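Residue numbering restarts at 1 for every chain, and letters A, B, ... go by the order of the sequence lines. Model, not experiment: these values are computed from the prediction.
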Amino acid sequence: MTVPNLGTGERNESSTPPPNFISTIIDEDLQSGKHKTVITRFPPEPNGYLHIGHAKSICINFGLASAYNGRCHLRFDDTNPTKEETEYVETIKESVRWLGFDWGEHLYYASDYFEQLYHWAEELIQKGKAYVDDLTADQIREYRGTLTEPGKESPYRQRSTEENLDLFRRMRAGEFPDGSRVLRAKIDMASPNMNLRDPVMYRILHATHPHTGDDWNIYPMYDYAHGQSDSIEGITHSICTLEFEDHRPLYEWFIEQLGIYRPQQIEFARLNLTYSVMSKRKLLELVKEGNVSGWDDPRMPTLVGMRRRGYTPESIRNFCERIGVGRNDSWIDMSILEESVREDLNERAPRVMGVLRPLRLVIDNYPEQMTEEFDAANHPNKPEMGSRKVPFSRVVYIEKDDFMEEPAKGYFRLAPGREVRLRYAYIVQCVGVVKDENTGEVVEVHCTYDPETRGGSTPDGRKIKGTIHWVSARHSIQAEVRLYDRLFTVPNPGGDRNGPDWKSCLNPASIERIGSCRMEPCLASAEPESRYQFERQGYFYVDPSDSSPGAPVFNRTVTLRDSWAKSGG
RNA sequence: UGGGGCGUCGCCAAGCGGUAAGGCACCGGAUUUUGAUUCCGGCACUCCCAGGUUCGAUCCCUGGCGCCCCAGCCA
């Protein structure tokens, strides 16, 4: 596996995924001599953006190729020019690269094989295995039968080879209007497998294709193109999701009729993530209807969205490794994804102090003009990450949550009469509050500090239970922070047949923008795409699109674990 | 009611006839100037159910039950 350094601070990493049922099959194939090398492929349709579900497939395909020193092709399944666009091709390539994979020279398009596919179609006609059907789409549907009743044969099924060939060539030549005829495989209209009831191979589409331009007036169906594309590329293990299992007999039928190399298809269960939706259709709908700001909205499970949220490629790869590969329909708990980023970011994100919801704290006995600088570690467990100076003065901001006039049971932050440690600075004791005359809300807290506790130490050995973060009012900078939460309020949006529609499960609190946050001064120069841990808050990513020099915008990637909040605090 | 799959801890997931790995979640407890991290410890006498084969079955057989997918000129 090649993990290119894209200059975003990503680590290099090489790992072999744990064994699973697919690698077991590959082991057997290698041992039996059926294959000498492993060639897989990731075959996206360029009609949308890649999401975390695709990441699973990418990790499986590229991961296997790398583990066995084989290779993985990137092939765009561009068989439907009415739905696909070139803009998606570049974004998809970039996402695969960002995830850390490299297809080398092996970039392909199904459209590269259109001519070959066409010749094979003529071959099938010649063998009496395919025919041109004049039935309308509706009629074809009627003739197909149902799950429990066999279909009936089209009246055009017995056309002569000559007529079929003539018609098919004229379809290619553009003599007929869209939808007027199709080429069908002649298999079995009574097959219990619907895919074998004379499936459509070609449809007439007078559309301009991103790659082949106006060369074609007919386009192959995915089912006719996919298997042969794999065959052409010499794919040894064609890995796809479960819903294509029923199509395998069809792919193999084409391969057999044509007498060409047969790749082995292996199906696995697609990824479902709780509190999320994964279908392209639904994601597109969210984008189009403005429920999110775009494909790269940090709440989207798209790779571009997750990237903007602050997820690292490593964390996503690690996630894919953790969830495993199997054939059970499963719903992966969001916490596994979250824990994957935390694990990564905990190691690499420098710590910093930022106050999201500022509350003024005045230290009555601290000299008005005085300023001190305290040394703050960039990482508590990694001295090699160094430290920085944080300015301190008489007025600081603390988090609103870190003060309670009437402290709840078990609360050990600041409250009237109580002591708390201002991280790296001093122990302070609350001696009074100032309230808003009208609302009664505490707008300012007054404290005294203990000069003996400089740096936050307690020379007398007294135990201070609470340590809170702060920022000097005079020295801090203002910044915007965006707090993101799960996009849906229920684990399986729309999954309950009798429950609410998936879109009514959207979480209204999935984003909260706070423009009045106060941060320690070093953050004025925070680089776009860099990551920090705001102590006691979570991990944040400097938004590359909305930040400007000196005015960073921080996206919360994920919160820190919070056993106090969890316990009901 | 046709065909194809799947059923091991709350969520994933190993296991492939010899007596239930691991991760996430959860619950303790230690360390901690992040209620973070780290660290220890706990967490399925049981593998959808019922029969059968076997000295022995989560793994084999039979019969149930439950869930998912398939009736696009989408992929």
**Request:** Please measure how far the P atom in B/U58 lies from the corresponding atom in B/C9, and state the result in whole Å.
**Result:** 15 Å
**Asked** Listed in order of residue number, which residues of residues 192-201 of chain A have a non-hydrogen atom at under 4.0 Å from RNA chain B?
**Response** A/Pro192, A/Met194, A/Val200
**Prompt:** Nearest 0.5 Å, what's the CG-OH distance between A/Asp485 and A/Tyr275?
**Reply:** 10.0 Å
**Request:** Take atom C1' in B/C11 and the same atom in B/G7, then report the distance between them in whole Å.
**Result:** 15 Å
**Prompt:** Using the purine O4'-C1'-N9-C4 or pyrimidine O4'-C1'-N1-C2 torsion, is B/C67 syn (within 90° of 0) or anti?
**Reply:** anti
**Prompt:** Any luck finding a side-chain donor-acceptor pair between A/Tyr251 and A/Asp223 under 3.5 Å?
**Reply:** yes
**Asked** Picking from B/A36, B/A71, B/C12, which would you name as closest to the side chain of A/Pro380?
**Response** B/A36
Give me, pair by pair, the N or O atoms of the protein and of nucleotides 24-28 of chain B that are less than 3.5 Å apart, along with how far apart they are.
residue : atom : partner  : partner atom : Å
B/C24   : O2'  : A/Ser335 : OG           : 2.7
B/C26   : OP1  : A/Lys566 : NZ           : 2.8

**Message:** Anti or syn, where syn is a glycosidic angle within 90° of 0; which label fits B/G72?
**Reply:** syn
**Prompt:** Taking the P atom of each, how far is B/G52 from B/G66, in whole Å?
**Reply:** 23 Å
**Request:** Could you tell me whether A/Lys280 and A/Glu285 make a salt bridge, using a distance below 4.0 angstrom between a side-chain N and a carboxylate O?
**Result:** no
**Request:** Look at all strands and tell whether A/Phe412 reaches a base, only sugar-phosphate, or nothing, counting heavy atoms closer than 4.0 Å.
**Result:** base
